[in-house]
Amino acid sequence: MHPSVTRALASYDRARLTLCSIGSHSALEVAYGARQQGLRNLILTAKDREQTYVRHFKHTQSPIPRGCVDETVELDAFPEILRDDIQKKLFEVNAVFIANRSFEVYLHQKYSYDEIERGMQIPFFGNRSLLRAEEHDEANNQYALMQAAGIRYPQQFKSPRDIDRLVMVKAPHAKVSFERAFFLCTAYGEYRSIADVLIRDGIVTEDGLEKAVIEEYALGPSINLNFFYSPILGELELMGTDTRRQTNLEGFRNVPPAAFDALRNVPMRLEEAGHIAATLTESTLEQAFGMGERFVAATRAARLSGENIPGNANPGSNTNPGVIGPFALQCIIVAGPPKDFVCYDVSLRIPGSPGTRFTPYSAYRWGRDISVGERIAMEVVFARDADRLTEILT
């Protein structure tokens with residue numbers, strides 16, 4: 001266990017726990033979920049990005065109750081969360097931190113994952129050592145976990161000269177360092193011509209292309225399997241399923257055939273624009289749960305880099321609890337028979353889609369629609385009331 005968890009649990013007022021997140025990605029989901037379960041919330045905002053939290057969705061009682069954000073702390077930039085005075089403030093409000101993708105990418109622009117894990121002194125809900133596995137350049141990354149879990153993922157190509165079929169190229173974005181640029185091609189010549197256009201437009205760089213992941217493009221509808229593993233119940237839940245809306249892919253889909261020639265030289269880009277709730281055929285649910293359960297087991301068996309950070313308990317030993325709380329297997333359903341899931345990406349924290357509760361799966365389990373943010377708050381309350389917080393915090 002990270003030493004900060006032991007220290008926090010010794011000093012925290014457990015009747016006044018506060019769920020905390022940075023103001024981006026899924027912060028409103030965390031704030032709403034906390035209030036639904038009688039917990040407080042605090043959102044750390046960045047300069048010029050605070051209005052969503054301090055004004056539009058701020059909780060107020062007058063003249064009628066509305067909004068969900070209880071408290072905000074404004075930072076000039078998200079990496080300032082590691083400042084000693086900010087960590088002290090979070091200790092004072094009995095904060096439990098909910099990491100999201102924005103937390104990972106903004107801090108990782110300035111700090112290594114070791115520095116992030118060491119600098120965050122407040123307890124995390126979930127496994128703080130698993131966040132780095134989303135990065136493709138980490139040793140025990142998502143591909144290693146999927147392989148250990150026996151989950152099918154797209155064939156990868158080490159060199160663009162090896163491309164012999166439709167592939168997706170995932171390269172670091174030149175202008176937005178925490179994003180990736182995507183494009184499709186079928187051969188090296190096409191790869192080179194599209195890459196040259198993207199370099200000219202400032203979307204990617206040659207150095208970024210050297211680090212790109214090139215993988216077979218799986219044909220089929222996309223589906224994000226948003227799971228939640230509960231250490232308190234010892235069970236895996238399917239919180240909901242959704243699919244992405246991406247630019248400029250959505251635009252291509254809406255172009256009439258007569259205009260195709262005008263777009264022949266326009267590279268396809270898959271930048272995140274939002275999500276849409278989507279359901280699975282009931283006959284595929286068992287297969288989906290099987291993938292999720294194998295993935296949970298694989299994360300428990302993995303030896304994670306963060307376990308050996310100085311100051312962590314029992315350095316060198318495998319104290320890894322595996323995945324705790326929300327994670328997602330982002331898949332393509334490819335044609336059969338039988339149909340199969342091909343997982344092209346994994347998220348190891350709260351998803352960025354607040355619409356998962358608008359699929360029926362949480363209601364099938366809990367009798368009503370439960371958002372991921374509320375399910376996190378439920379687990380915190382379950383663990384607090386059973387004196388088992390050490391099982392969900394790291």
Side-chain angles (χ1 to χ4, degrees), residues 8-9 11-78 80-81 83 85-100 102-103 122-126 228 239-240 274-275 277 325-326 349-358 362-363 366-386 389 392-393:
L9 292 181
S11 62
Y12 273 14
D13 180 350
R14 299 190 185 194
R16 297 182 60 82
L17 296 178
T18 298
L19 299 193
C20 171
S21 185
I22 68 166
S24 183
H25 189 268
S26 50
L28 292 174
E29 180 84 349
V30 170
Y32 170 81
R35 290 195 60 82
Q36 288 295 105
Q37 291 294 312
L39 301 174
R40 287 192 57 77
N41 66 76
L42 182 151
I43 306 301
L44 295 134
T45 66
K47 188 176 182 180
D48 298 325
R49 299 182 56 176
E50 74 280 0
Q51 292 302 308
T52 296
Y53 311 100
V54 303
R55 189 158 65 94
H56 300 305
F57 292 98
K58 176 72 175 175
H59 178 68
T60 184
Q61 290 286 352
S62 179
I64 58 174
R66 62 198 184 277
C68 63
V69 178
D70 290 327
E71 184 178 357
T72 57
V73 172
E74 184 175 335
L75 310 174
D76 284 336
F78 289 131
E80 291 184 359
I81 191 175
R83 282 179 6 206
D85 61 318
I86 300 299
Q87 292 293 304
K88 181 180 178 182
K89 163 68 175 176
L90 297 180
F91 263 111
E92 290 172 350
V93 299
N94 311 293
V96 172
F97 190 72
I98 315 298
N100 58 36
S102 294
F103 167 77
I122 61 170
F124 276 54
F125 175 83
F228 188 100
M239 293 301 304
H275 297 78
R349 32 70 197 168
I350 187 171
S353 170
T356 56
R357 66 185 173 123
F358 299 112
S362 65
W366 294 102
R368 63 180 178 90
D369 295 337
I370 301 288
S371 70
V372 178
E374 184 177 359
R375 183 64 187 87
I376 290 172
M378 288 168 62
E379 193 78 357
V380 171
V381 171
F382 292 162
R384 179 198 65 191
D385 293 350
L389 283 170
I392 64 167
L393 305 180

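Treat the numbers as computed from the prediction; the structure is a model and nothing was measured.
The residue from Val96, Ile22, Ile350 that alone fulfils the side-chain contact (heavy atoms from CB on, under 4.5 Å) condition with Val30 is Ile350.
For the pair Ile370 and Met378, the minimum side-chain heavy-atom distance is below 4.5 Å. Taking the side chain as every heavy atom from C-beta outward, Glu50 and Ile43 never approach each other to under 4.5 Å. Val69 places none of its side-chain heavy atoms less than 4.5 Å from the side chain of Tyr32. In this structure the side chain of Pro351 never reaches within 4.5 angstrom of the side chain of Ser26, judged on heavy atoms. Put simply, the side chain of Leu44 reaches to within 4.5 Å of the side chain of Cys20, judged on heavy atoms. With a 4.5 Å cut-off on side-chain heavy atoms, Leu42 and Leu90 count as touching. Within the 4.5 Å cutoff, the side chain of Leu75 has no heavy atoms near those of the Thr45 side chain. Within the 4.5 Å cutoff, side-chain heavy atoms of Phe228 are placed close to those of Ile376.
Atom CD1 in Ile392 sits 14.0 Å away from atom CZ in Phe124 (nearest 0.5 Å).
Checking side-chain atoms of Asp369 against main-chain N and O of Phe358 turns up no donor-acceptor pair under 3.5 Å. Distance alone, capped at 3.5 Å, is enough to place a donor-acceptor pair between the Arg66 side chain and the Ile64 backbone. At least one donor-acceptor pair under 3.5 Å links the side chain of Tyr12 to the backbone N or O of Ala95. Distance alone, capped at 3.5 Å, is enough to place a donor-acceptor pair between the Glu29 side chain and the Gly373 backbone. Between the Gln37 side chain and the Val381 main chain, no donor and acceptor come within less than 3.5 Å of each other. Judged by distance alone, the side chain of Asn94 and the main-chain N or O of Arg16 form a donor-acceptor pair under 3.5 Å.
Taking each heavy atom of Ala8 and Phe91 in turn, the nearest pair found is CB-CE2, 3.6 Å. Considering all non-hydrogen atoms of both residues, Gly352 and Pro354 come closest at O-CD, 3.4 Å. Across all their heavy atoms, Pro326 and Phe125 have their closest contact at CD-CE2, 3.8 Å. When every heavy atom of Asn100 is checked against every heavy atom of His25, the shortest pair comes out as CB-ND1, 3.4 Å. Scanning both residues, Gly355 and Ala277, for their nearest heavy atoms gives O-CB, 3.8 Å.
Counting only residues at least two apart or on different chains, the salt bridge (charged side-chain N to carboxylate O under 4.0 Å, His left out) pairs with a member in residues 376-386 are Arg375-Glu379.
Taking the six-membered ring for Trp and the full ring otherwise, the centers of Phe97 and Phe103 sit less than 6.0 Å from each other.
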Trace of the salt bridge (charged side-chain N to carboxylate O under 4.0 Å, His left out) decision for Glu92 with Lys89: CA-CA 5 Å; Glu92 290 172 350; Lys89 163 68 175 176; 5.5 Å; no
Worked check of side chain to side chain donor-acceptor pair (under 3.5 Å) between Asn41 and Thr18: CA-CA 5 Å; Asn41 66 76; Thr18 298; over 6 Å; no
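Residues meeting the side chain to side chain donor-acceptor pair (under 3.5 Å) test with Asp48, sequence neighbours left out: none.
By the 4.0 Å N-to-carboxylate-O rule, Lys47 lies too far from Glu80 to be salt-bridged with it.
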